[in-house]
Amino acid sequence: MTLVRSLSLLRSKNFQTRLQRFYGNVKLRNIGILAHIDAGKTTTTERMLFYAGKTRTMGEVHRGNTVTDYLTQERERGITICSSAVAFNWRDHKINLLDTPGHIDFTMEVEQSLHAVDGVVVVLDGTAGVEAQTITVWSQAEKHRLPKLVFVNKMDRPDADFAACVSDLLQKLNTKPICLQIPVKDSDGNLTILDVISQQAIIWNNASLGREYKILPPLEAHLKDLQEKRYILIDELSGIDDELAQVVINSEGFEQVSNELIQQALRRAVAQRKVVPVLLGSAYKNVGVQRVMDAVIDYLPAPNERNQLYDCFGEDFVGKVFKIVHDKQRGALTLVRVFRGELKKGSRLITTRNTSEVVNKLYEPLADEYREISSVPGGDVAICAGLKHTVTGDLLTSTASALKGAQKRLQKILKLPESGAKVEEHSSKDGDTDADATLVNEIFATEPQIPDAVYFCSIEPPSLSTQNAMEAALKQLQREDPSLRVNYDSVTGQTVLGGMGELHMDIVKSRILTEYKIEVDLGPLQIAYKETIEEPAMDSFQVEKEIAGSKQSVSITLELLREHKEPFSLDKSGENAANLNTVRPRMLHVIRKGALSALDRGPRVGGQVVDTQVRLHNITIGRGTADSFVMAAAAQCVQKILTTAGTRLLEPIMALEIVAPSERISAIIADLSRRRATINEVRPKSEQNKLICVNAPLAELSGYSSVLRTITSGTASMTMQPCGFSNMNSNDEVRAIQRAQGFE
Ligand SMILES: Nc1nc2c(ncn2[C@@H]2O[C@H](COP(=O)(O)OP(=O)(O)OP(=O)(O)O)[C@@H](O)[C@H]2O)c(=O)[nH]1
């Protein structure tokens, strides 16, 4: 082939389309928008849609007319529950933006969305800086190795402090912030932004709702500061980026370094997660949002610049389900991030859980509006209709052999062990390989990894005739939100829901009422205690029965040990070795399943038994005994040991961060000490406020936010998130058991 022909082929639209189909569009950005609750994600997203021309009017959270908070519950409550995807064009690029919930009860949603994006915008409240949930979402984004940029919002407020936010990024998130802007306010408090790289002043026009802005030379008074900030920026970047350092050396100073070279160096440093560009503005007052959109294109990576992990699929299609939503007309819609290959209408897809089904229709996302399309190229986001079994978190591909081949190739590239998809995290040598191993485990996981429930409650349909409808509704809700647990309690005969918090459970109830029109009744919210054994204990169990004329018999000896890594083991010492060597692997699987099922419900309050290993010592199974009989015998043996040896309760602990005026601190601490709280830290937060960091048992925090409001006359703010389970003393344990049994 001649050079001219090769070049013209490269330039041809056809070839470009083929390239995009497999490797992802370079003029595309998939980004997540993350923040602590109320920092202004939804307001910022609304502005982006408005400036991009996707909406004609600007939605406001307080008016309940935003595009991304489209569920009734979200509009009523003014919070984001479901992360939703919106697509818009900006500067000749398509941006897919996933708005995610800020409330801690919906952390799982954030986690799923992060699988689907290539970079994130973290929004800070300019008056609060880095807050508890900012730290959580930041570390989630770090786990996914996502490049980030920060938007310091609410800079219109008189108490906003840009420098404090930047210092928070440095201190609390251990990152290297690169300030691209400086805020300036006039005597009326109007915000102007000074751009550090271009050395310009940008003034937004309020009359056009911020659609227009003027770019002016900076005032004489700001020139020196601005120049100094540009030098600092170049200095910091050339310490990281060799190409820029070379330019600085060659031109013997900072004056000659062009804006383009700075931007290119910054883009490289962001992609390597060495720095985080920081921008500022006020979404509510329509200042600065277009610059954030510019920065998404200028500094965050295109799909083809990330996701090398998915290269192992070669030219096969691979995508990930990051969300399922329910649409009245179209039924369940599955939101898929396409990593490689092309997703076409009518394609058959298989999941890591070995299910297979066909995509009936494909749509382009715009929150609650959908445009039908016939195919989606690699790198993009699509909405599929017709998938009935996929759940949030599923990995989708075109054939089972594509999946197997990809696993093998990936294990080879990462030099990970070949036995199955499960990768031992400690087998890797450095931090990045560790992260790779964790990600590979998550990507190929057959079940989504679900955080522990902290609350549970029973759920009852209004009548027997609506039982099936309620079960179908719960099944659908669980497909959308795997952090909702639905169990059937065989002892009480009730359906039991487990969730991440009071708000989570409340939202589930409201959604069943409004979306499925079933008047369900939720029992009182109970704390999800766990149980654990105190000492190792061992026992034997024999059972013999005649079922349908066939004799069934099992004699089994099991031991329970304190161990949190492996839930099941074999005692192959001494005489037991000969016995266990005769047990077939299939039968071992049956015994393991039965024994572990008994750990789901401890003897004290029915809590899950954790940090406990079941060890099989000996088993004799009569000829012709059914598997289900063996499984039941193993479960009964574990139950017998648990009941005889007894268990201790473990209670959920919450981490609280309270910001309050200094004069209220002693009253808050006095109240907290009556709640079995451990005060970790009290430090100044601003001139008038202090921050208290405490850990306290969830059982002591019922209605705490209204108590705090009363103690502080509404001047304090608080965040709370689960931070593990802890032992309790005997008195507290007795009270917990009484409460769980309804005696308190
Ligand atoms: N003064 C001021 N208020 C703002 C600004 N941006 C947002 N707000 C207000 O802050 C509140 C929270 O804004 P949202 O956009 O809902 O914040 P969010 O981060 O999406 O909140 P969740 O979805 O609940 O996590 C609303 O009352 C907004 O009107 C801003 O730039 N300045």
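In listed order, ligands and their atoms are each counted from 1.
The shortest heavy-atom distance from Ala39 to ligand 1 is under 4.0 Å. Distances from ligand 1 to the non-hydrogen atoms of Lys285 include no value under 4.0 Å.
Considering both main-chain and side-chain atoms, Thr42 comes within under 3.5 Å of ligand 1 through a nitrogen or oxygen pair. For a threshold of 3.5 Å applied to N or O pairs, the pair formed by Asn153 and ligand 1 contains at least one separation below that value. Checking only distances, Gly281 never comes within under 3.5 Å of ligand 1, N or O to N or O. Between Ala35 and ligand 1, no pair of N/O atoms sits closer than 3.5 Å.
Each of the atoms 1 (N), 2 (C), 30 (C), 31 (O), 32 (N) of ligand 1 lies under 4.0 Å from some heavy atom of Asp156. Those atoms of ligand 1 with a heavy atom of Arg157 less than 4.0 angstrom away are 1 (N). Near Ala283, meaning under 4.0 Å from one of its heavy atoms, ligand 1 places the atoms 31 (O). Close contacts between ligand 1 and Lys41 involve ligand atoms 15 (O), 17 (O), 18 (P), 19 (O), 20 (O), 22 (P), 23 (O), 25 (O) [criterion: under 4.0 Å to a heavy atom]. Atoms of ligand 1 lying under 4.0 Å from any heavy atom of Ile37, numbered from 1 in the order shown and given with element: 24 (O), 25 (O).
Here Val123 has no heavy atoms under 4.0 Å from ligand 1, in either its backbone or its side chain. With a heavy-atom cut-off of 4.0 Å, Lys154 touches ligand 1 through backbone and side chain alike. Proximity of Ser282 to ligand 1, defined as any heavy-atom pair under 4.0 Å, is shared by backbone and side chain alike.
Checked by atom type and distance alone, the side chain of Arg29 pairs as donor or acceptor with a backbone atom of Ile297 at under 3.5 Å.
In this structure, His115 and His144 have perpendicular ring planes: the angle between them is above 60°, well past the 30° mark.
Contact check on Glu480 versus Arg511 returns a salt bridge, with a Lys/Arg side-chain nitrogen under 4.0 Å from an Asp/Glu carboxylate oxygen. The residues Asp298 and Arg91 are annotated as salt-bridged, a charged nitrogen and a carboxylate oxygen being separated by less than 4.0 angstrom. Taking a cutoff of 4.0 Å between a charged side-chain nitrogen and a carboxylate oxygen, Lys185 and Asp156 do not qualify as a salt bridge. Between Arg230 and Asp195 no salt bridge is recorded (no basic side-chain N to carboxylate O distance below 4.0 Å).
In this view, Ser139 satisfies the side-chain contact (heavy atoms from CB on, under 4.5 Å) rule with no residue, not counting sequence neighbours.
Between Val336 and Phe322, every side-chain heavy-atom pair lies at or beyond the 4.5 Å cut-off.
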Just distance, no hydrogens or angles: give the donor-acceptor pairs under 3.5 Å from side chains in residues 175-182, sequence neighbours left out.
from   : atom 1 : to     : atom 2 : distance (Å)
Gln181 : OE1    : Leu280 : N      : 2.7

